[in-house]
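I have placed the structure first, in the form of structure tokens, so that the comments after it can refer back to it.
Sequential numbering from 1 along the given sequence is applied to the chain's residues.
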Amino acid sequence: MQINTELERLNPAQKEAVTSTEGPLLVLAGAGSGKTRVITMRVAYLTHLGVPPSSILAVTFTNKAAKEMKERVRALLAGGRPEGAKTGGRGGGGRPVISTFHSLCLNILKREIEALGYRRDFTIYDTGEQVSLLRHLLSDIRVFEKSFKPEDVLEKISRFKNGFNDSQKTKQIKGGQDEFDVEALSENLFPRYQETMQSLNVVDFDDLLLLTLRLFREHPEALEKYQKRFQYVMVDEYQDTNKVQYDILKLLAGERKNICVVGDDDQSIYGWRGASLHNILDFERHFPGTKIVRLEQNYRSFGNILKAANGVIKNNSKRMEKSLRTDRGDGPKVRLYRAENGEDEAQWIASQIAQIKFERDLHYEDFAVIYRANTLSRPFEEALRTQRIPYTVVGGTSYFDRKEIRDLSAYLKVIANNSDNLSLLRASSAPKRGLGSATTGRLAEFAKEQSMQTLLEAFKRAGEAGVPARQADTAKSFALMIERYGELFKKSGEMGKSFKALAEEIRFNDYIGELYKSQEMAFKRMENAENFIQSLHHYEEKTLLENPEKAPTIQSFLEDLALDSSPGEKEEKPFGVVLTTFHSAKGLEFPVVFIACLEEGVLPHKKSALPGEDMEEERRLFYVGITRAMKELYLTCARCRTKYGKVTPLTPSRFLEEVPGDVIRKIDDMEPEDPEQQEVKVKAFFARMREMMGD
């Protein structure tokens, strides 16, 4: 049968990880060692042993990874069961649950959140909406944005939620012009933020995890239900889990402790956003009796690249011992180039890409330039444009950060959740209807005086609120329109059609045309809006096709959008050379990689030298960058860079000294190329040009 054939294709360590099914298992999976294959094979293997698919849970961090796992598992399960396998199982059939952490928690909360005082029609706020809420709360306590950003407060609140709030003291904050501390401000604002979120019946991404943990702790019957359901738990990228995720997993594993975690402590690079390296380092202590399997066979890179990676990462003290190896041979040495300045470095890299592409007959998509932060991308973009080399900068503006999409989303959110007052206020002013802050402020007071459940109800009864007649009529008409479309959206097969009708009724394109004086920009924004409207229609069609018995809803559409990193847009591969940060490059691979800007103060970052900062995480970033390379790796730095008109001399990164000397070839020290080789290349170049020109 297929499962037995697939097992034979695994190396010994991979096979051991797949077939060790009972009790806690830690799979230390080095870069490029086939961890996704191990996880998906393990799901299929458990199923073929007779474990009910629905009792298997596999969680990861990205929609892309979850989608890939689902597809691989589906293909494996299509191969049938081995002889002698049980068919009854322990709890029914169904499908394995393969999901991101946030999707898993969202699905649990959709069933159980009423136990925590929320309604089931809650919606999810993204970062932009959280910042808007914070601005409202800050203005209420007369703290104004002068010496801080609301984003800083939001980051602190997120850290509190994810287990970083070690301080129990609360400082008094004064409003107006007085000095204050952002940490103290955040601590004081946190309870009010949470209360307001609940009153609006909305949650943020941290809440999806935190409320699930609270549910399990406060309602043992709910925890027991999911412990019984998920008899086998698997976790991908375990090194990226935070404290809340660890607590959820520990509770789900229960007394059975059939938990398998797969990860690489050497690739733990998200400490700044709450990931705890100790979750993987202390796994044996958290789950006594743990079996450890090391995946050290690398299928991605040549030997010299792996030797460079091993030589660097061994200098970290907080790690579990492992060393990558390959059967692919050493390959070319790692090239090191030190440029005179940043512009010289960028031009050199662009020239190398053009030359290597021609000599190796590669595609531009086979190249990546990796750096510490996106603020460093400018010279590389300019150099590539100069040489007419196409490129994509990974990590640009999010689709949902665009104003026209946020405005349309606000309509959907208030239709789905009438308690979402912030979305109501945004929708009522896009386009403007003459409902200014004085009018909406009075309506909010009226809602409070009359103990109304929602601000939408106050809009509907605006004539009783003491606002001018024209504004009262406008507010009432708006509220009735929201209610009318709420009913239309409930009709099966009508959501896309109704959304289009709504956009036409409010004359959304005219609104965009007034916002943007440039006709080209206005047209682009209108096109974005049209694509978003169409995305609801496509979602509706797809859902009805896949599951005719379950009608799609605005609620489920918004949930999918909230959990999708690029909603409303097709998932396309980058076009041209990829310019990316270390963090965005994780999980990717390229035949040729350039790691640039390798200087002290950049990598390692200057902040990492401060007390309490993690120098080892900076080294792990470099390790992740190195292990993205499959065939060729180039390391570059500059003697100086110009910033704000000032030239600053630079020192090469200390990490470069950790790369073993026998795998490095400095560009300055390279011997002149053999004249015969040069002649062959020139002839090949002209032959290729004639071929391209059809001569």
Check ion pair [X]-[Y] (N to O, under 4.0 angstrom):
X      : Y      : answer
Arg620 : Glu617 : yes
Lys291 : Glu16  : yes
Lys243 : Asp247 : yes
Glu68  : Lys64  : no
Lys307 : Asp330 : yes
Lys225 : Glu112 : yes
Lys314 : Glu658 : no
Glu589 : Arg628 : no
Glu657 : Arg654 : no
Arg294 : Glu321 : no

Evaluate the side-chain proximity of [Y] to [X]: yes if any heavy-atom separation is below 4.5 Å, no if none is.
X      : Y      : value
Leu633 : Phe590 : no
Phe582 : Ile595 : yes
Leu252 : Ile248 : yes
Phe655 : Leu635 : no
Cys105 : Ile108 : no
Arg37  : Glu6   : yes
Leu249 : Val233 : yes
Val262 : Arg42  : no

Side chain of [X], backbone of [Y]: donor and acceptor closer than 3.5 Å?
X      : Y      : result
Asn316 : Arg319 : no
Asp126 : Glu129 : yes
Lys322 : Met320 : yes
Arg256 : Gln227 : yes
Gln297 : Pro12  : no
Arg111 : Asn107 : yes
Ser268 : Asp265 : no
His219 : Glu221 : no
Gln231 : Asn258 : no
Glu284 : Thr290 : no

Rounded to the nearest 0.5 Å, how far does [atom2] of [Y] lie from [atom1] of [X]?
X      : Y      : atom1 : atom2 : result
Ile305 : Leu324 : CD1   : CG    : 11.5 Å
Ser33  : Leu28  : OG    : CG    : 9.5 Å
Leu134 : Ser186 : CG    : OG    : 8.5 Å
Gln130 : Glu151 : CD    : CD    : 10.5 Å
Leu209 : Asn242 : CG    : CG    : 6.5 Å
Ser20  : Lys15  : OG    : NZ    : 11.5 Å

Could you report the tightest heavy-atom contact between [X] and [Y], atom names first, then the distance?
X      : Y      : result
Asn315 : Val312 : ND2-O, 3.0 Å
Ala66  : Thr60  : N-CG2, 3.6 Å
Thr627 : Ser301 : O-OG, 4.2 Å
Asp264 : Ile280 : N-CD1, 3.9 Å
Leu376 : Arg372 : CD1-N, 3.9 Å
Thr241 : Asn279 : OG1-ND2, 3.0 Å

Quiz prompt | Cation-pi geometry met for Arg229 and Tyr226 (6.0 Å, 45°) | solution =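 The answer is no; the distance or angle limit is not met.
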Side chains of [X] and [Y] only: does a donor on one sit below 3.5 Å from an acceptor on the other?
X      : Y      : value
Thr581 : Asn374 : no
Gln555 : Lys110 : no
Tyr193 : Gln198 : no
Thr326 : Asn298 : no
Thr580 : Tyr371 : no

Quiz item: Using the benzene-type ring in the case of Trp, are the ring centres of His583 and Trp272 under 6.0 Å apart?
Solution: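 Centroid separation for His583 and Trp272: below 6.0 Å.
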Quiz item: Stepwise, does the salt bridge (charged side-chain N to carboxylate O under 4.0 Å, His left out) test hold for Arg159 with Asp206?
Solution: CA-CA 9 Å; Arg159 290 172 72 84; Asp206 291 327; over 6 Å; no
Exercise. Using the ring pair (Phe, Tyr, Trp, His ring centres under 6.0 Å) rule, take His102 and Phe61 through it: C-alpha gap first, then chi angles, then the decisive distance, then the call.
Key: CA-CA 8 Å; His102 289 92; Phe61 279 85; 8.2 Å; no
Practice problem: Walk me through it: do Ser317 and Glu616 pass the test side-chain hydrogen bond (donor to acceptor under 3.5 Å, both in side chains)? | Solution: CA-CA 8 Å; Ser317 59; Glu616 294 201 354; 2.8 Å; yes
Quiz item: In this structure, are over 12 heavy atoms from other groups packed under 6.0 Å from Lys250 atom NZ?
Solution: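 Atom NZ in Lys250 is packed in, count exceeds 12.
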Quiz item: side-chain hydrogen bond (donor to acceptor under 3.5 Å, both in side chains) between Tyr623 and Glu618: does it pass, once the steps are laid out?
Solution: CA-CA 9 Å; Tyr623 174 83; Glu618 294 291 298; over 6 Å; no
Practice problem: Could you name each residue pair satisfying ring-ring contact (aromatic ring centres under 6.0 Å, His included) that touches residues 287-307, not counting sequence neighbours? | Solution: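 Qualifying pairs, neighbours excluded: Phe283-Phe287.
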Exercise. Quick one: do Val293 and Leu25 satisfy side chain to side chain contact (heavy atoms under 4.5 Å, CB included)? Show the steps, please.
Key: CA-CA 8 Å; Val293 176; Leu25 174 68; 3.9 Å; yes
Self-check item: Worked verdict on Lys156 versus Glu187 for salt bridge (charged side-chain N to carboxylate O under 4.0 Å, His left out)
Solution: CA-CA 8 Å; Lys156 296 291 182 185; Glu187 287 185 33; over 6 Å; no
Quiz item: How far apart are the C-alpha atoms of Asp366 and Lys631, what are their side-chain angles, what is the distance that settles it, and do they pass the salt bridge (charged side-chain N to carboxylate O under 4.0 Å, His left out) test?
Solution: CA-CA 10 Å; Asp366 294 329; Lys631 296 179 178 179; over 6 Å; no
